[in-house]
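Down below is the structure, laid out as structure tokens.
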Amino acid sequence: MKKHWWKVLAALLLFYTVIAGLLMDAPRLHILNETIRALHFHVPMWFGMLALLLLSVVYAVKYLRSGELRHDRYAVEFANAGLIFGILGIVTGMFWAHYTWGKFWSFDPKQNMSAIALLIYLAYFVLRGSFEDDHQRARISSVYNIFAFAAMVPLLFILPRLTSSLHPGNGGNPGFNAYDLDSNLRMVFYPAVIGWFLLGLWFASLRVRLRLVQDKLEDNL
């Protein structure tokens, strides 16, 4: 149980996020109204995506330094989990946009840049499927992984701020902290960030264990 406490914590935090996020009082902000509750799902998923993709880059660097395929297994599965969170983040953001901006996709700069960032990471998996040799695949995809993350940062955090944007905190539009991320929202939002990240970590760890078992089976054949 000592090794699995964080999994229990993830389950408890996400249970709390769903219940409290949907039932607790939320501030009545102009236009947003009840849709502000999507904040506990959309934004934490993107935070989880960023953390998981950063871990993927860390293991990509470790592989390049050591040449151990075990590190590549961690890198690809953290990227896998990060991509899933990114897709979920875009989908939840589209539903939020539908009820606040009137359209699922408004071609807002943040939406467009987010889609491009995800396509870059989809190309990472296409690239991995292009090689049969394990070490060649790991080496080239590790380099690509590093540049993909480096490209994602300006796409998500710099370019949208340089243009007019509907997103809070971009293009001169104030962020939630600037007007009303009140105590009720904070009580759910911060646990949600931790909970969604731990869920992604849990998913990635299961996938890594599966890959390592497959590697051992292949070595014994």
Side-chain angles (χ1 to χ4, degrees), residues 3-7 9-11 13-14 41-93 113-159 192-221:
K3 294 181 179 179
H4 304 293
W5 65 269
W6 61 275
K7 298 177 183 178
L9 178 62
L13 288 175
L14 290 177
F41 305 93
H42 170 60
V43 179
M45 285 178 180
W46 277 95
F47 283 179
M49 176 197 73
L50 290 168
L52 291 165
L53 292 181
L54 179 59
L55 285 172
S56 177
V57 170
V58 170
Y59 278 99
V61 172
K62 283 187 175 183
Y63 170 78
L64 291 174
R65 294 183 63 182
S66 67
E68 295 182 17
L69 283 175
R70 177 172 58 89
H71 295 313
D72 177 64
R73 302 308 187 232
Y74 278 93
V76 67
E77 292 307 338
F78 279 127
N80 202 356
L83 182 63
I84 290 173
F85 270 44
I87 293 172
L88 290 174
I90 274 199
V91 171
T92 53
M113 296 301 104
S114 299
I116 293 172
L118 291 185
L119 287 174
I120 290 174
Y121 268 95
L122 281 172
Y124 166 77
F125 292 99
V126 174
L127 178 66
R128 289 187 63 86
S130 303
F131 301 96
E132 294 184 1
D133 180 75
D134 283 341
H135 284 282
Q136 186 181 24
R137 179 194 302 119
R139 185 167 56 254
I140 295 176
S141 62
S142 292
V143 174
Y144 182 92
N145 194 349
I146 295 169
F147 283 99
F149 189 84
M152 183 182 66
V153 173
L155 284 172
L156 295 183
F157 300 106
I158 298 176
L159 295 180
V193 171
I194 299 172
W196 287 115
F197 168 67
L198 290 178
L199 179 65
L201 202 62
W202 192 351
F203 171 77
S205 66
L206 290 174
R207 292 279 302 174
V208 167
R209 288 169 60 186
L210 178 61
R211 277 185 177 266
L212 293 178
V213 169
Q214 290 174 339
D215 288 344
K216 287 184 178 180
L217 292 174
E218 290 175 0
D219 289 342
N220 292 331
L221 292 178

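Across all their heavy atoms, L54 and F149 have their closest contact at N-CE1, 3.7 Å. Contact between L69 and A138 at its shortest, heavy atoms only, is CD2-CB, 4.1 Å. Here the shortest heavy-atom pairing between I120 and A148 reads CG2-CB, 3.7 Å. In plain terms, the two heavy atoms of L52 and L201 that are nearest each other are CD2-N, 3.9 Å. Among all heavy-atom pairs drawn from L199 and A10, the shortest one is N-CB, 4.3 Å. Taking both residues in full, the closest heavy atoms of G200 and F85 are given as N-CZ, 3.5 Å, listed atom of the first, atom of the second, then distance.
Heavy-atom neighbours of F131 CZ from other residues, nucleotides or ligands within 6.0 Å: above the threshold of 12.
A 4.5 Å side-chain heavy-atom check between R139 and D133 finds every atom pair outside the cut-off. For the pair V76/Y124, a side-chain contact is recorded, criterion being any heavy-atom separation below 4.5 Å from C-beta on. Side-chain contact check for F41 versus W196: some heavy-atom pair is nearer than 4.5 Å. Using a 4.5 Å heavy-atom threshold, the side chains of L212 and R73 count as touching. Using a 4.5 Å heavy-atom threshold, the side chains of R209 and V213 count as separate. Contact of the V57 side chain with the F78 side chain is not registered, since no non-hydrogen atoms from C-beta on lie closer than 4.5 Å. Here the side chains of W46 and L156 are in contact, with some heavy-atom distance below 4.5 Å. Side-chain contact between I84 and L88 is present, with at least one heavy-atom pair separated by less than 4.5 Å.
L155 contributes atom CG, which lies 9.0 Å from atom CE of M152 (distance to the nearest 0.5 angstrom). Note: L55 CG to E77 CD = 13.0 Å, rounded to the nearest 0.5 Å. The distance from the CG atom of L122 to the CG atom of L127 is 12.5 Å, given to the nearest 0.5 Å. Expressed to the nearest 0.5 Å, how far CZ of F197 lies from CE of M49 amounts to 13.0 Å.
A distance-only check finds no donor-acceptor pair linking the side chain of Y59 to the backbone of S142 [under 3.5 Å]. Side-chain atoms of S130 come within 3.5 Å of backbone N or O of V126 as a donor-acceptor pair.
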Evaluate the side-chain contact (heavy atoms from CB on, under 4.5 Å) criterion for residues W6 and W202: first the C-alpha distance (whole Å), next the side-chain angles of each, then the deciding distance (0.1 Å), finally the verdict.
CA-CA 9 Å; W6 61 275; W202 192 351; 3.8 Å; yes
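Screening R128, R137, R65, R211 for a salt bridge (charged side-chain N to carboxylate O under 4.0 Å, His left out) with D72, the sole residue that qualifies is R128.
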